[in-house]
S.K.: 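One structure follows; several queries about it will come next.
This one's a predicted model, so the numbers in the text were calculated from it and none came from an experiment. Sequential numbering from 1 along the given sequence is applied to the chain's residues. As the structure lists them, so they are numbered: ligands from 1, and atoms in each ligand from 1.
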Amino acid sequence: MNYTTISDKITPLQLEFAARCISDAQSIAIITHQNPDGDALGSSLAMRHFLLSLGKTNVTNIVPTSFPDFLAWLPGVDSVIQYEQNPDAATSALRNADLVICTDLAEPTRVAALSPILTERFNRYAASRDSRDSVSSANSALLILDHHLSKVCNEYPEQIAYPDSASASELVFRLAYQLTQTQNVREDRGFVGVLSEDFATCIYTGMMTDTGNFSYNSCHPEMYNIVAILLTTGINKDAIYDRVFNAWSAERMQLVGYCLYHKMKLFPEYHTALITLNRREMYRFNAKSGDMEGIVNMPLQIKDIYYSIFMREDKIPPHQIPDANGAKVKAKISFRSQGDRPVNILAREVFRGGGHMNASGGEFFGNVDDAAKKFIEVMPQYMQKQ
Ligand code: 5GP
Ligand code: MN
């Protein structure tokens with residue numbers, strides 16, 4: 001059986017650019033966004049496996065903040081440097097790498113305390129690009145594989161930035177596939193890397209988590225050709241599902257019950273649900289990073305609820321204190337919607353964030369009650385009544 005009908009989505013310009021970045025680099029740092037989810041960690045570790053299979057030896061994966069336990073089994077995860085645990089190693093790897101690869105990330109400010117260093121890299125990249133220097137000149141090489149709406153999409157056609165792609169992992173797959181399976185690229189560049197089972201496991205995890213196990217953003221037929229190719233490497237997709245989605249602690253299940261029973265407010269006129277969680281409540285349920293993942297999607301299962309907002313309190317990290325106007329805590333906010341009802345505009349205009357039309361995020365300096373008040377105040381402006 002031949003499953004290999006994958007169109008050449010990555011353009012020749014992008015393919016050539018990525019091939020040159022990778023060929024020219026000795027040391028490579030791969031970084032993804034703060035609070036990494038399955039697609040962030042999956043896409044960045046898949047990139048690691050691909051580069052190792054090409055014979056690259058100096059490859060460092062960096063995450064700005066911790067990742068949830070349900071991802072801690074991914075192949076290669078032990079090699080990941082987490083900034084908060086090892087700031088010096090993370091900083092030096094990011095600063096000194098010949099090439100920085102960003103997966104599931106195109107905004108240098110979405111890497112918590114590493115933002116200043118990544119911003120410098122983006123600036124050097126922009127400058128060397130303008131001056132038509134070699135892109136690989138002194139610490140300016142940058143390769144982006146991302147699926148968020150960002151200025152990279154419009155400004156840098158050589159970068160792999162596709163907001164229509166359901167996951168960054170799919171883009172990493174496409175790059176690896178086109179580099180190794182496109183006859184002329186393979187021969188010109190010697191890209192004979194293999195798509196290994198570990199690579200496929202990481203890609204599948206990212207595709208699965210960013211589509212809610214293929215239940216949204218999941219109507220593109222080629223997505224299933226990619227899954228078919230991944231399966232031929234020997235991965236067990238059912239086991240991957242089990243490891244990611246059936247790994248809850250009892251406390252997590254109880255926390256979800258508490259949110260839905262005690263904390264969910266419905267605004268039927270605006271088809272909206274709002275859940276807030278303060279620090280005391282999170283402490284009560286011993287909530288860990290990742291335990292709140294997915295709560296925001298649940299109210300969308302209610303008939304006639306099309307918008308869901310989830311707010312949780314967080315400490316203000318040191319690098320944000322100057323911006324916080326003296327606030328002691330911040331609310332981290334997730335927005336979800338269904339159909340033709342954008343939430344990214346609200347996230348951007350009111351809550352210092354952004355994202356996709358139906359899945360966005362933002363924040364508010366202050367406690368969750370004040371963040372909720374702010375939201376209720378602007379709800380009539382941003383939520384449609386039908
Ligand atoms: P989540 O609610 O899962 O944290 O985030 C959903 C999506 O919203 C992310 O994939 C990302 O596109 C976007 N997002 C979340 N937080 C932020 C933020 O602080 N700034 C921006 N620009 N986008 C965010
Ligand atoms: Mn993603």
Side-chain angles (χ1 to χ4, degrees), residues 31-47 63-68 71 102-112 115 144-153 160-174 202-212 216-218 223 244 274-277 289-300 307-312 314 316-317 319-320 323-324 330-337 342-365 371 375:
I31 187 164
T32 189
H33 62 77
Q34 60 207 20
N35 306 321
D37 55 13
D39 186 37
L41 204 58
S43 61
S44 61
L45 283 171
M47 184 52 91
V63 292
T65 61
S66 66
F67 47 81
L71 297 173
C102 296
T103 70
D104 205 25
L105 170 71
E107 304 248 13
T109 51
R110 289 199 69 217
V111 291
S115 301
I144 296 167
L145 295 103
D146 185 50
H147 68 134
H148 300 99
L149 256 186
S150 66
K151 61 181 204 157
V152 169
C153 309
I160 301 166
Y162 286 94
D164 66 342
S165 180
S167 63
S169 296
E170 180 184 321
L171 295 171
V172 172
F173 175 86
R174 286 179 180 277
C202 295
I203 297 282
Y204 186 81
T205 301
M207 292 177 70
M208 176 186 80
T209 52
D210 258 22
T211 57
Y216 46 82
N217 292 338
S218 59
M223 193 178 274
V244 173
L274 170 66
I275 297 175
T276 62
L277 213 50
S289 120
D291 281 3
M292 270 83 65
E293 187 93 17
I295 295 178
V296 65
N297 296 309
M298 293 179 172
L300 296 176
Y307 297 98
S308 175
I309 292 89
F310 177 71
M311 304 179 166
R312 67 182 170 90
D314 226 337
I316 298 183
H319 74 280
Q320 282 194 321
D323 294 332
K330 68 175 179 179
K332 173 75 193 119
I333 311 175
S334 292
F335 303 91
R336 296 291 185 274
S337 65
V343 280
N344 48 352
I345 302 170
L346 165 66
R348 189 177 63 239
E349 292 184 351
V350 185
F351 294 105
R352 308 159 45 90
H356 314 277
M357 177 164 94
N358 296 129
S360 302
E363 60 189 14
F364 176 90
F365 291 125
F375 168 71

S.K.: Looking only at non-hydrogen atoms, which of His356, Arg336, Gln34, His147 approaches atom 6 (C) of ligand 1 most closely?
M.R.: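 The option holding the nearest heavy atom is Arg336.
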S.K.: Show me the donor-acceptor pairs, under 3.5 Å and distance only, between side chains in residues 343-355 and residues at least two apart or in other chains.
M.R.:
residue, atom, partner, partner atom, Å
Asn344, ND2, Gly355, O, 3.3
Glu349, OE1, Tyr382, OH, 2.6

S.K.: Which part of Arg348 is near ligand 1, with near meaning a heavy atom under 4.0 Å away: side chain, backbone, both or neither?
M.R.: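 Contact part for Arg348 vs ligand 1: neither.
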S.K.: Which residue and non-hydrogen atom of the protein lie closest to atom 5 (O) of ligand 1, and at what distance in Å?
M.R.: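 Sorting protein heavy atoms by distance from atom 5 (O) of ligand 1 puts Ser360 O, 4.1 Å first.
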S.K.: Between Lys332 and ligand 1, which part of the residue brings a heavy atom under 4.0 Å of the ligand: side chain, backbone, both or neither?
M.R.: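 Lys332 to ligand 1: side-chain contact only, backbone stays beyond 4.0 Å.
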S.K.: Checking a contact table here: which protein heavy atom is nearest atom 15 (C) of ligand 1, and how many Å away?
M.R.: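 Ranking protein heavy atoms by distance from atom 15 (C) of ligand 1, first comes Gly361 CA, 3.3 Å.
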S.K.: Quick one: which ligand 1 atoms are inside 4.0 Å of a heavy atom on Gly355?
M.R.: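 So the answer, numbered in order with elements, is 12 (O), 13 (C), 23 (N).
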S.K.: Check whether any heavy atom of His33 sits under 4.0 Å from an atom of ligand 1.
M.R.: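 So His33 does not count as touching ligand 1.
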S.K.: Closer than 2.8 Å to the Mn ion (ligand 2), do we get an N, O or S atom from Asp104, backbone or side chain?
M.R.: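 Checking the Mn ion (ligand 2) against Asp104, an N, O or S atom does fall under 2.8 Å.
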S.K.: Tell me the protein heavy atom at minimum distance from atom 21 (C) of ligand 1, and give that distance in Å.
M.R.: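 Ranked first by proximity to atom 21 (C) of ligand 1 is Gly354 N, 3.3 Å.
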S.K.: Considering heavy atoms of the protein only, find what lies nearest to atom 7 (C) of ligand 1 and give residue, atom and distance to 0.1 Å.
M.R.: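 Atom 7 (C) of ligand 1 sits closest to the protein heavy atom Ala359 O, 3.6 Å.
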S.K.: Find the distance between CG (Asp37) and CG (Asp210) and round it off to the nearest 0.5 Å.
M.R.: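 It is 5.5 Å, given to the nearest 0.5 Å.
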S.K.: Within the 4.0 Å heavy-atom shell around Ser334, which atoms of ligand 1 are there?
M.R.: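 Taking each heavy atom of Ser334 in turn, ligand 1 has 1 (P), 2 (O), 4 (O) under 4.0 Å.
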S.K.: When you draw lines from the Mn ion (ligand 2) to OD2 of Asp210 and to OD2 of Asp39, what angle lies between them, to the nearest 10°?
M.R.: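 Centred on the Mn ion (ligand 2), the OD2/OD2 angle is 80° (to 10°).
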S.K.: Just how far is it from atom CG of Asp323 to atom NZ of Lys330, taken to the nearest 0.5 Å?
M.R.: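 Asp323 atom CG to Lys330 atom NZ measures 10.0 Å (nearest 0.5 Å).
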S.K.: Taking N, O or S atoms only and a limit of 2.8 Å, check whether Asp37 reaches the Mn ion (ligand 2).
M.R.: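 Here the distance criterion (N, O or S atom, under 2.8 Å) is not met by Asp37, so no.
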S.K.: What atoms of ligand 1 come closer than 4.0 angstrom to any heavy atom of His148?
M.R.: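 Under 4.0 Å from His148, ligand 1 has these atoms: 10 (O), 11 (C), 12 (O).
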S.K.: Give me the residue, atom name and distance of the protein heavy atom closest to atom 20 (N) of ligand 1.
M.R.: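 In this structure, atom 20 (N) of ligand 1 has Gly353 CA, 3.5 Å as its nearest protein heavy atom.
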S.K.: Between CD1 of Ile203 and CE of Met208, what distance do you get to the nearest 0.5 Å?
M.R.: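 Going from CD1 on Ile203 over to CE on Met208, the span is 13.0 Å.
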S.K.: Is there an N/O/S atom in His148 at a distance below 2.8 Å from the Mn ion (ligand 2)?
M.R.: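 So His148 does not count as coordinating the Mn ion (ligand 2).
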